[in-house]
Amino acid sequence: MNMNKVHFVGAGPGDKELITLKGYKLLSNADVVIYAGSLVNPALLDYCKEGCEIHDSAYMNLQEIIEVMEKGIKEGKSVVRLQTGDFSIYGSIREQVEDLAKLNIDYDCTPGVSSFLGASSALGVEYTVPEISQSVVITRMEGRTPVPLKESIESFAAHQTSMVIFLSVQEIEKVVEKLIDGGYDKTTPIAVVYKATWPDEKVVKGTLKDIATKVKEADIRKTALIMVGEFLGKEYNNSKLYDKDFVHEYRG
Ligand code: SAH
């Protein structure tokens, strides 16, 4: 096993200051960086040292990505794979690490702030509002990647818990239809956050009834998250955690 490792680094949702300190250090020491150009803010590349070799994976297939990694490792270089948000959410990290294993190349991972956290910060909301919702469903509509039947939007909608839908804004009408078919009322609050934490972030808020029109008006077709559920609504219950009669050793 080559002692040198490929470093997978979560770039965060957009704002170049939302990379972790560890990720920043790895990026600024890197000799070779492969970044996801369609979604990672190129401003993050300002952190790279002079002469760093930079590849945009938007123009590469898996084999080409692996070849660049292998070459860098063989030459004893520091290789960083910079992925959008956090790689554990729709990050296709698995196929990369499996190919690296075949080549006996080791790797490590530094997490990033996923866009669903960037989006909740943009709105200043909590997904887990006491007595409203205590769970978050992260899902998507099917695209080229199919979604297992038992994970349909309708089936999750039936839980009426907080939901964040990735990779689906281009089909907002269909998403709304499925949410309603699953049991959501048309008055349920819903928000679409485009490029959360980027300088050109856009937020569109509405209900299941009017969100599709608003999203079309705002001309949002990609790089957005759909957030739905009563956690976006007006109803609120204070958490027991800071209740004066509730002494708790885990107060955060
Ligand atoms: N690993 C990434 C998600 C990659 S899938 C993460 O953790 O965020 C790509 C999808 O993520 C996009 O189609 C969009 O739905 C969402 N996305 C990524 N960055 C975003 C951002 N800054 N704002 C809103 N949605 C974003």
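Every number for a ligand or one of its atoms is a count from 1 in the order of the listing.
Considering only non-hydrogen protein atoms, atom 7 (O) of ligand 1 sits nearest to Ser114 OG, 2.7 Å. For atom 19 (N) of ligand 1, the closest non-hydrogen atom of the protein is Ser115 CB, 3.5 Å. Looking at atom 21 (C) of ligand 1, its nearest protein heavy atom turns out to be Ala196 N, 3.5 Å. Protein heavy atom closest to atom 2 (C) of ligand 1, with residue, atom name and distance, is Thr84 O, 3.4 Å. Residue, atom and distance of the protein heavy atom nearest to atom 14 (C) of ligand 1 are Ala224 O, 3.5 Å. Protein heavy atom closest to atom 22 (N) of ligand 1, with residue, atom name and distance, is Pro13 O, 2.8 Å. Of the protein's non-hydrogen atoms, Leu225 CG, 3.4 Å is the one closest to atom 25 (N) of ligand 1.
Between Ile89 and ligand 1, a contact under 3.5 Å exists for at least one N or O pair. Considering backbone and side-chain atoms alike, Tyr194 places every N or O at 3.5 Å or more from each N or O of ligand 1. Of the N or O atoms in Leu167, one or more lie within a sub-3.5 Å distance of an N or O in ligand 1. At a 3.5 angstrom cut-off on N or O pairs, Gly85 does not count as close to ligand 1.
Considering only non-hydrogen atoms, atom 11 (O) of ligand 1 lies nearest to Phe166 out of Phe166, Phe116, Tyr90, Phe87.
Counting heavy atoms under 4.0 Å from ligand 1, residue Leu39 touches it through the side chain alone. Heavy atoms of Trp198 found under 4.0 angstrom from ligand 1 belong exclusively to the side chain.
Short contacts between ligand 1 and Thr223, defined as distances under 4.0 Å to a heavy atom of the residue, involve ligand atoms 23 (N), 24 (C), 25 (N). Proximity to Val193 (heavy-atom distance under 4.0 Å) selects the following atoms of ligand 1: 24 (C).
Summarising the geometry of Ala218 relative to Val204, their closest heavy-atom pair is CB-CG2, 3.9 Å, with the distance given to 0.1 Å.
Qualifying salt bridge (Lys or Arg N to Asp or Glu O under 4.0 Å) partners for Glu173, counting only residues two or more places apart in sequence or in other chains: Lys216. By the salt bridge (Lys or Arg N to Asp or Glu O under 4.0 Å) test, Asp219 is found to be paired with Arg221, residues two or more places apart in sequence or in another chain being considered.
Ring pair Phe8/Tyr107 is perpendicular by interplanar angle, where above 60° counts as perpendicular and below 30° as parallel.
Not a single heavy atom of Thr197 sits under 4.0 Å from any atom of ligand 1.
Between Glu98 and Lys102 there is no salt bridge, since none of the side-chain N atoms of the basic residue sits less than 4.0 Å from a carboxylate O of the acidic one. The residues Lys74 and Glu70 are annotated as salt-bridged, a charged nitrogen and a carboxylate oxygen being separated by less than 4.0 angstrom.
Counting heavy-atom neighbours within 6.0 Å of Lys202 NZ, excluding the residue itself, gives a total above 12. Heavy-atom neighbours of Lys209 NZ from other residues, nucleotides or ligands within 6.0 Å: at or below the threshold of 12. Crowding of Lys214 atom NZ: a count of heavy atoms from other residues, nucleotides or ligands under 6.0 Å exceeding 12. Applying the 6.0 Å contact sphere to OH of Tyr90 captures more than 12 heavy atoms from other residues, nucleotides or ligands.
Applying the salt bridge (Lys or Arg N to Asp or Glu O under 4.0 Å) test between Asp31 and each of Lys77, Lys71, Lys49 identifies Lys49 as the sole match.
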